[in-house]
S.K.: 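Okay, here's the structure, questions in a sec.
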Amino acid sequence: MTGSETTPSFRLAYVPGVTPTKWVRIWNERLPDVPLTLVQVSAAEAPDVLRAGDADAGFVRLPVDRTDLSAIPLYTETTVVVIPKDHVVAAVDEVSAADLADEVVLHPLDDTLTWERRPGLPAHERPATTEDAVELVAAGIGVLVVPQSLARLHHRKDLTYRPVTDAPESRVALSWPEAATTDQVEDFIGIVRGRTVNSSRGRAQAPATQEKPQAKAKPRGAAQPKKKPVARPKAAKRGRPRRRS
């Protein structure tokens, strides 16, 4: 290795609520010589982190600007309302946005949902983060509508959540700079899409198995070994059975 060569590595960004553990484990199994570094970023700053080259790829929340970023949508999350366990909403299985009309609905600055019209009553101030908003819910200040993964991330024993049937949903995608689709990025795309290690589009492939040599065909006219005649069993004699005297 020359002095100008560097050890390959892969930096993966991810936003709160996304758990990349499964994909990281598969990466480490397939590419043990290429270290993967996780970089946690907020949903708002994730696209800029990718553009700046501070991460090779990342799990982001859509939408993102597709002008210079590629994105593969992965899944859509259920939207829930976070409430105290003794709240009246906790008695039902799900609610609509209209059911929250009389509630103070907190709107943190890092909110990831895009509303045409937000439900409920606005709070006097916007919490700085979702985590801060969860603390306010626990204090009885209001309720919070978020993707389900964030409700799980900031779980508290005194809080619970219920699905909001008509709320906007949050979509999670794998994104990377279109102009920087490296071999490592292609490898990670293959892992996320469930390609096997032998996939034709995967770069890290297992060595091909050697084919068994086929038996050589014998030339025409060659002497064939004589087959031994098969002895046939003698047929039993037919006749009437003899009477005993």
Side-chain angles (χ1 to χ4, degrees), residues 12-23 38-50 55 58-65 69 71-175:
L12 178 67
Y14 69 102
V15 297
V18 175
T19 306
T21 308
K22 176 183 68 174
W23 297 300
L38 291 174
V39 181
Q40 184 170 359
V41 297
S42 69
E45 66 183 354
D48 290 336
V49 168
L50 295 175
F59 293 107
V60 303
R61 294 190 182 274
L62 297 177
V64 295
D65 187 355
L69 293 177
I72 301 174
L74 300 177
Y75 57 89
T76 301
E77 287 196 62
T78 299
T79 300
V80 301
V81 57
V82 180
I83 49 176
K85 282 191 172 180
D86 58 356
H87 195 281
V88 63
V89 171
V92 298
D93 294 332
E94 59 185 24
V95 297
S96 66
D99 294 328
L100 304 176
D102 297 330
E103 301 288 342
V104 174
V105 179
L106 302 168
H107 185 199
L109 295 176
D110 63 354
D111 185 19
T112 61
L113 299 175
T114 303
W115 295 85
E116 292 185 3
R117 183 178 179 182
R118 294 191 59 80
L121 306 173
H124 294 295
E125 295 182 2
R126 294 183 64 181
T129 65
T130 297
E131 185 175 6
D132 293 336
V134 170
E135 295 294 328
L136 294 176
V137 173
I141 305 299
V143 300
L144 175 65
V145 181
V146 291
Q148 183 171 317
S149 65
L150 293 181
R152 290 174 175 172
L153 178 64
H154 301 294
H155 172 71
R156 289 174 51 114
K157 293 182 178 180
D158 53 348
L159 301 180
T160 186
Y161 57 83
R162 295 291 183 271
V164 183
T165 56
D166 54 352
E169 297 174 320
S170 177
R171 293 187 298 158
V172 175
L174 176 67
S175 183

S.K.: Are the side chains of Val146 and Val82 in contact, using a 4.5 Å heavy-atom criterion?
M.R.: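 Val82 reaches Val146 side chain to side chain.
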S.K.: Sequence neighbours left out, what passes side chain to side chain contact (heavy atoms under 4.5 Å, CB included) with Arg118? Give chain and number order.
M.R.: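 With sequence neighbours excluded, Arg118 shows a side chain to side chain contact (heavy atoms under 4.5 Å, CB included) to Val105, His107, Asp111, Trp115, given in chain and number order.
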S.K.: For residues Leu50 and Gly58, report the shortest heavy-atom separation together with the two atoms involved.
M.R.: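 For Leu50 versus Gly58, the nearest heavy atoms are CD2-N, 3.8 Å.
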S.K.: Applying salt bridge (charged side-chain N to carboxylate O under 4.0 Å, His left out), name anything that partners Glu135, two or more places apart in sequence or on another chain.
M.R.: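 Residues passing salt bridge (charged side-chain N to carboxylate O under 4.0 Å, His left out) with Glu135: Arg156.
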S.K.: Please check if atom CG in Asp65 has more than 12 non-hydrogen atoms from other residues, nucleotides or ligands closer than 6.0 Å.
M.R.: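 Atom CG in Asp65 is packed in, count exceeds 12.
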S.K.: Any side-chain heavy-atom pair from Val145 and Leu100 closer than 4.5 angstrom?
M.R.: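 Side-chain contact under 4.5 Å: yes.
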S.K.: For residues Thr79 and Pro147, determine if any side-chain heavy atom of one lies less than 4.5 Å from a side-chain heavy atom of the other.
M.R.: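 Answer no - side chains too far apart.
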S.K.: If you take all heavy atoms of Asp158 and Ala138, which pair is closest and at what distance?
M.R.: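 Closest approach of Asp158 to Ala138, heavy atoms only: OD2-CB, 3.8 Å.
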S.K.: Among residues two or more places apart or on two chains, list those pairs meeting salt bridge (charged side-chain N to carboxylate O under 4.0 Å, His left out) that have a residue in residues 71-80.
M.R.: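 Sorted result for residues 71-80: Arg61-Glu77.
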S.K.: Going by atom types alone, do Thr130 and Asp110 pair a side-chain donor with an acceptor below 3.5 Å?
M.R.: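 Distance-only check passes for Thr130 and Asp110.
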S.K.: Which heavy atom of Pro84 sits nearest a heavy atom of Leu159, and at what distance?
M.R.: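 Pro84 and Leu159 have their closest heavy atoms at CA-CD2, 3.7 Å.
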S.K.: What pairs with Asp86 under salt bridge (charged side-chain N to carboxylate O under 4.0 Å, His left out), at least two apart in sequence or on another chain?
M.R.: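 None.
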S.K.: Can a donor-acceptor pair be found, under 3.5 Å and without considering hydrogens, that links the side chain of Asp166 to the backbone of Ala97?
M.R.: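 Yes; at least one donor-acceptor contact below 3.5 Å.
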S.K.: Is His155 close to Tyr161 at the side-chain level, that is, under 4.5 Å between some pair of heavy atoms?
M.R.: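 Result no, sub-4.5 Å side-chain heavy-atom pair not found.
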S.K.: If every non-hydrogen atom of Leu109 is compared with every non-hydrogen atom of Ala128, which pair is closest and at what distance?
M.R.: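 Taking every non-hydrogen atom into account, CB-O, 3.5 Å.
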S.K.: Please identify each residue that fulfils side chain to side chain contact (heavy atoms under 4.5 Å, CB included) with Ala71, with sequence neighbours left out.
M.R.: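 For Ala71, the residues satisfying side chain to side chain contact (heavy atoms under 4.5 Å, CB included) (neighbours in sequence not counted) are Leu62, Val64, Arg66, Ala173, Ser175.
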S.K.: CG/Leu136 to CD/Glu125 distance, rounded to the nearest 0.5 angstrom?
M.R.: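 It comes to 9.5 Å.
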S.K.: Less than 4.5 Å apart, any side-chain heavy atom of Ser96 and any of Asp99?
M.R.: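 Of all side-chain heavy-atom pairs linking Asp99 with Ser96, at least one is under 4.5 Å.
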S.K.: For Lys85 and Ala90, indicate whether the former's side chain and the latter's backbone hold a donor-acceptor pair under 3.5 Å.
M.R.: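 Side chain of Lys85 to backbone of Ala90, a donor-acceptor pair under 3.5 Å: no, none is there.
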S.K.: Do Val60 and Tyr14 have side chains that get closer than 4.5 Å, going by heavy atoms?
M.R.: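 Answer no - side chains too far apart.
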S.K.: Which heavy atom of Val15 sits nearest to which heavy atom of Ala43, and what is that distance?
M.R.: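 Shortest heavy-atom contact: CG1-CA, 3.7 Å.
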S.K.: Can you tell me how far the CD atom of Glu45 sits from the CD atom of Gln40, to the nearest 0.5 Å?
M.R.: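 It comes to 9.5 Å.
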S.K.: Can you name the nearest heavy-atom pair linking Val143 to Ile83, along with the distance?
M.R.: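 Looks like CG1-CG2, 3.6 Å.
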S.K.: I'd like to know if the side chain of Arg126 and the backbone of Pro108 have a donor-acceptor N/O pair within less than 3.5 Å.
M.R.: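 The answer is yes, because a donor-acceptor pair under 3.5 Å joins these two groups.
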S.K.: Listed by chain and number, what are the side chain to side chain donor-acceptor pair (under 3.5 Å) partners of Glu94, not counting sequence neighbours?
M.R.: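 Testing Glu94 for side chain to side chain donor-acceptor pair (under 3.5 Å), a comparison that skips the adjacent residues, returns none.
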